Amino acid sequence: MKSSELRQSFLSYFESKQHQVVESSSLIPGNDPTLLFTNAGMVQFKDVFLGTDKRNYTRATTSQRCVRAGGKHNDLENVGYTARHHTFFEMLGNFSFGDYFKQDAIGYAWEFLTKVAKLPQEKLLVTVYAEDDEAFDIWHKEIGLPKEKIIRIGDNKGARYASDNFWQMGDTGPCGPCTEVFYDHGEHIWGGPPGSPEEDGDRFIEIWNVVFMQFNRSANGDMAPLPKPSVDTGMGLERIAAILQGVHSNYEIDLFQNLIKASANAVGTNDLESQSLRVIADHIRSCSFMIVDGVVPSNEGRGYVLRRIIRRAIRHGNKLGQKGVFFHTLVEALDSEMGEAYPELRKLKERVASILLKEEEQFAKTLDQGMRILEEAISELGDSKVIPGETVFKLYDTYGFPADLTNDVARENELEIDEAGFEAAMEEQRARARSASNFSMDMSGDVSIDSETEFTGYTELEGDCVVEALIVDGSNVDEIQAGQDAVVLLKSTPFYGESGGQAGDQGWLRGPGAFKVSNTAKQGKAHLHQGVLKEGAIKVGDTVAAQVDRSMRNATALNHSATHLVHEALRRIVGDHVNQKGSLVNAERLRFDFSHFEGLTNAEIEQVEDMVNEQIRLNHEVITEIMDVDSAKEKGAMALFGEKYDSEVRVLTMGADYSIELCGGTHVKRTGDIGLFKIVTEGGIAAGVRRIEAVTGKAAIDAVRQTENALNGVAAVVKGNKENALEKVSALNDQARALQKEIDALKSKLAAAAGSDLAGQAIDIEGGKLLVAQVESDPKALRDLLDQLKSKLESAVILLAAVNDGKVSLIAGVTKELTKKVKAGDLIKMVAPLVDGKGGGRPDMAQAGGNNPAALPDALEQVPAWVKERI
């Protein structure tokens, strides 16, 4: 049975058992910030199991794409060296949300394996949790398995319920026993059954895990029965395919064999048994699907994991002799294997290939040089078996070699890397990378906020509100006095709390005292009004008149609504791979970060502006609807990965077929209210992430006027007008270029004349001449002067220095025959620190700068002795 047939067979079987076939969710978990990637089929249903999400079905089945290549679940280093480790795999699963339980779950598993997949019953054995007599009896009495084929696995990790056959979602929450199905590959393969000393062998392979969620573990360890026990199962598609296709290794199944052959063609090898081909075939799957789900190569988070995997694949291709780009070409082969099952891959395959090609080209520039340095470091180890952490860090920092890639090479040479040393070298960089949120309120102390503020600000900007709590310096107080900084909590408020990228409202709370609100934040569902009491006093229980700064709120609404129009414009003009990566909207401007792998062209920027302004002129009504999440998705509303949505959400629509998004922010009534939209800047902020900053309304008019004033100013300087300013500036630029050429020619003549004079100042040394001189020259002309002197002196060591604008410029040159004794780079490294500078270069030429011209004469005096010591 082919892998594609097996996938469909599994889904069809459970569909016949009244299970809803649910599409694979993204590799980026939408409901679990603790996970780097989706690593199991149950991830998209986590909230359903926890009871915080309701679906219109109680049974589901999926073929979930999964990645285990970063964070706690990381199989990267084992890929290519074992028969069953992958960075990417497909998890077949069936789920019951309070519907059927152990009897049906076990029955379905057995029926599929023995009747549909037609596995020999004698080849199967199972494990159950030692205390789970119910599951044991179902397997023995109802399924008919002999007792010796049912292995009880007890608590073997030092605590109650700490068993391989007891599953838990976390330290607290849903948990329960599980039963696992194993396949016996036969006596000719080493290994023992689960629970035996030889269980790590390859004879008995787990193929299916069926989890019975029947308890809720509390913080004190108590196990309370769940009112609606549930089922979560998972079976690796690749593992079961290997068994059904009569092979031992996952890499021998049809899907991988085709990818391995494509990889062999791409790198130019006939050795189809190469471990490197396995690595490449595995990695094209994980890399392609990560990109499909919006991940792009970068130096942090998911993007860094993607970059590591890409570079590992490239390195293995390089190891097989492929020095050019190749990895991106495999996307087509992957599409042939998996595009039908995952149409999103087929739709975006050109973009995937483009991103992989760009990353290949970038890494190819440094791969050879990095490998040479690593091989040289290995050759110098002597009896040591550990590559120093400094070397590992240098390869990472200078050549983009992730530590695990260096470790990969080390393992091939039966070596290890100094991980502690590498981590120490990385710590300073990590510290710089840590950053806090732009908007934060210090709520440290003994304060505990669990209240829920009623937000009335969608329809009104002022109203009477009751003070529920007052917080000063992180602690609750009963009263605040004039001059005190504080946080005020109200039972209801028209003030929008900063969230979803929208800045918090400002304004006043007036009652017994006058409190100026400088920012409004959110903690949970509580709105925190931060500011200072200007006069009077305010107590808990007082009623205050809340007044939002109307002009700031309205200006913020213009910018927020414009971000929705921008988002859709980018998707239509640049591509539907564009996803929001962050935003900030306030009264001054909007900032919109989005996923894209290259800068926008001027034409694309103009197209985005034109499309947004067209939507503004159409003056669409901005419609807000409250509905459940599933209805919102059916309507076509875009949601953001990683955002947590309530069971009911606000759906914002602008134009019947233009923009539909989930959003809790405040907006204009009609798109025409925005007035005008103008992009101010566009640029990259991280690998694969771009940022647009723009203005709307009066701020946009001011920006246009400022540009017009600047153009008028330029026109006046060049004695023209707005219509011919560009022509006149171009003419002046051409004239400046011509004059610069004349100046450069004159400088060359002067340098030649100076070179003749300087050559006569050289002194004799063994094997040639030594010339050390301070000259009148700009830094750019020093190089030409050095070349002329080397030509005139034929065999020489030369050091030239010049001072310009309080800075020292140094350049050293050594003719070829003398570089064995004196290296220009070493000479510069000696002199530069003497003038508070640093630099380096090749043996024949090196340069440096310095900040202490006063020290230059003494520094030059030391050169002759230093050179003569080495000649």
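Index from 1, following the sequence. The structure presented is a predicted model; accordingly, all values stated were derived computationally and were not measured. Note that these values count all heavy atoms, side chains included, but never hydrogens, waters or copies made by symmetry.
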**OP:** Would you check if R571 and N579 make a side-chain contact, meaning some heavy-atom pair closer than 4.5 Å?
**Re:** yes

**OP:** Output yes when a side-chain donor or acceptor of Q44 lies under 3.5 Å from a complementary backbone atom of E23, and no otherwise.
**Re:** yes

Subject >> Distance flag, aromatic centroids of H567 and F592, threshold under 6.0 Å >> reply: yes

**OP:** Name all residues meeting the side-chain contact (heavy atoms from CB on, under 4.5 Å) criterion together with N56; count only those two or more places apart in sequence or in a different chain, and write none if there are none.
**Re:** none

**OP:** Could you give me the CA-CA distance, side-chain angles and deciding distance for D473 and S475, then say whether side chain to side chain donor-acceptor pair (under 3.5 Å) is met?
**Re:** CA-CA 6 Å; D473 294 331; S475 298; over 6 Å; no

**OP:** Could you pull out all residues at least two apart from Q615 that satisfy side chain to side chain donor-acceptor pair (under 3.5 Å)?
**Re:** H620

**OP:** With sequence neighbours left out, write down each residue that passes side chain to side chain donor-acceptor pair (under 3.5 Å) with T696, or none if nothing qualifies.
**Re:** N559

**OP:** Kindly indicate whether the side chain of V488, heavy atoms from C-beta on, has any atom under 4.5 Å from the side chain of L509.
**Re:** yes

Original post:
Distance-only, no hydrogens or angles: does the D155 side chain make a donor-acceptor pair with backbone N or O of Y161 under 3.5 Å?
Top reply: yes

Original post:
Just by distance, do the side chain of S631 and the backbone of M627 share a donor-acceptor pair under 3.5 Å?
Top reply: no

**OP:** List in chain and number order the residues that pass side chain to side chain donor-acceptor pair (under 3.5 Å) with E462, two or more places apart in sequence or in another chain; answer none if no residue qualifies.
**Re:** none

Original post:
Is it true that the side chains of Q502 and T666 contain a donor and an acceptor less than 3.5 Å apart?
Top reply: yes

Original post:
Which of parallel (below 30°), tilted (30 to 60°) and perpendicular (above 60°) describes H564 and H667?
Top reply: perpendicular

**OP:** Taking the side chain as every heavy atom from C-beta outward, state whether I616 and F677 have any pair of such atoms under 4.5 Å apart.
**Re:** yes

Original post:
Would you say the side-chain atoms of R553 pair up with the backbone N or O of G457, donor to acceptor, closer than 3.5 Å?
Top reply: yes

Subject >> Straight-line distance of S230 OG to F212 CZ, nearest 0.5 Å >> reply: 12.0 Å

Subject >> pair L565-M654: side-chain heavy atoms closer than 4.5 Å >> reply: yes

**OP:** Evaluate the criterion side-chain contact (heavy atoms from CB on, under 4.5 Å) for residue pair Y658 and M611; output intermediate values, then yes/no.
**Re:** CA-CA 11 Å; Y658 188 74; M611 183 173 288; 3.7 Å; yes

Subject >> Pair V211-T233, side-chain contact (heavy atoms from CB on, under 4.5 Å): steps then yes or no >> reply: CA-CA 6 Å; V211 176; T233 84; over 6 Å; no

Subject >> F455 backbone acceptor or donor facing T453 side chain under 3.5 Å >> reply: no

**OP:** Evaluate the salt bridge (charged side-chain N to carboxylate O under 4.0 Å, His left out) criterion for residues R65 and D293: first the C-alpha distance (whole Å), next the side-chain angles of each, then the deciding distance (0.1 Å), finally the verdict.
**Re:** CA-CA 11 Å; R65 51 181 186 265; D293 286 335; 2.9 Å; yes

Original post:
Under 3.5 Å, side chain of R691 to main-chain N/O of G683, donor-acceptor pair present?
Top reply: no

**OP:** Rounded to the nearest 0.5 Å, what's the gap from CG on D478 to CG on L470? Could you check?
**Re:** 8.0 Å

Original post:
Cation over ring, R650 on Y458, under 6.0 Å and within 45°?
Top reply: yes

Original post:
Which residue, R217, R160, Q214, forms the side-chain contact (heavy atoms from CB on, under 4.5 Å) with M223?
Top reply: R217

Original post:
Can you tell me if T61 uses its side chain to pair, donor with acceptor, with the backbone of N94 under 3.5 Å?
Top reply: no

Original post:
Going by distance alone, is a donor N or O of one side chain under 3.5 Å from an acceptor N or O of the other, for S218 and N216?
Top reply: no

**OP:** State whether the side chain of S595 and the backbone N or O of H577 hold a donor-acceptor pair below 3.5 Å, judged by distance alone.
**Re:** yes

Subject >> With D485 via side chain to side chain donor-acceptor pair (under 3.5 Å) - residues at least two apart >> reply: none

Original post:
Between T58 and D99, is there a donor-acceptor pair closer than 3.5 Å when you use the side chain of the first and the backbone of the second?
Top reply: no

**OP:** Can you see which heavy atom on L600 is nearest to which on L570, and at what distance?
**Re:** CD1-CD2, 4.0 Å

Original post:
Where the side chain of R591 meets the backbone of I692, is there a donor-acceptor pair that is under 3.5 Å apart?
Top reply: no

Scan the side chains in residues 489-496 for donor-acceptor partners under 3.5 Å anywhere in the protein, sequence neighbours excluded, and list what turns up.
unit_1: T493; atom_1: OG1; unit_2: F495; atom_2: N; d: 3.0
unit_1: T493; atom_1: OG1; unit_2: H529; atom_2: NE2; d: 2.8
unit_1: Y496; atom_1: OH; unit_2: S499; atom_2: O; d: 3.1
unit_1: Y496; atom_1: OH; unit_2: S499; atom_2: OG; d: 3.1

**OP:** For the pair Q530 and S518, evaluate side chain to side chain donor-acceptor pair (under 3.5 Å) and give the outcome as yes or no after the intermediate values.
**Re:** CA-CA 6 Å; Q530 183 184 41; S518 58; 4.6 Å; no

Original post:
Can you list the steps and then say if E454 with K525 is a salt bridge (charged side-chain N to carboxylate O under 4.0 Å, His left out)?
Top reply: CA-CA 9 Å; E454 178 189 357; K525 294 187 177 181; over 6 Å; no

Original post:
What's the verdict on salt bridge (charged side-chain N to carboxylate O under 4.0 Å, His left out) for E609 and K678, showing C-alpha distance, side-chain angles and the deciding distance?
Top reply: CA-CA 6 Å; E609 287 184 334; K678 179 65 180 172; 3.5 Å; yes

Original post:
Hey, would you say the H19 and Y100 ring centroids sit under 6.0 Å apart?
Top reply: yes

Original post:
So, for V477 and I480, which heavy atoms are closest and what is the spacing to 0.1 Å?
Top reply: CG2-CG2, 4.0 Å

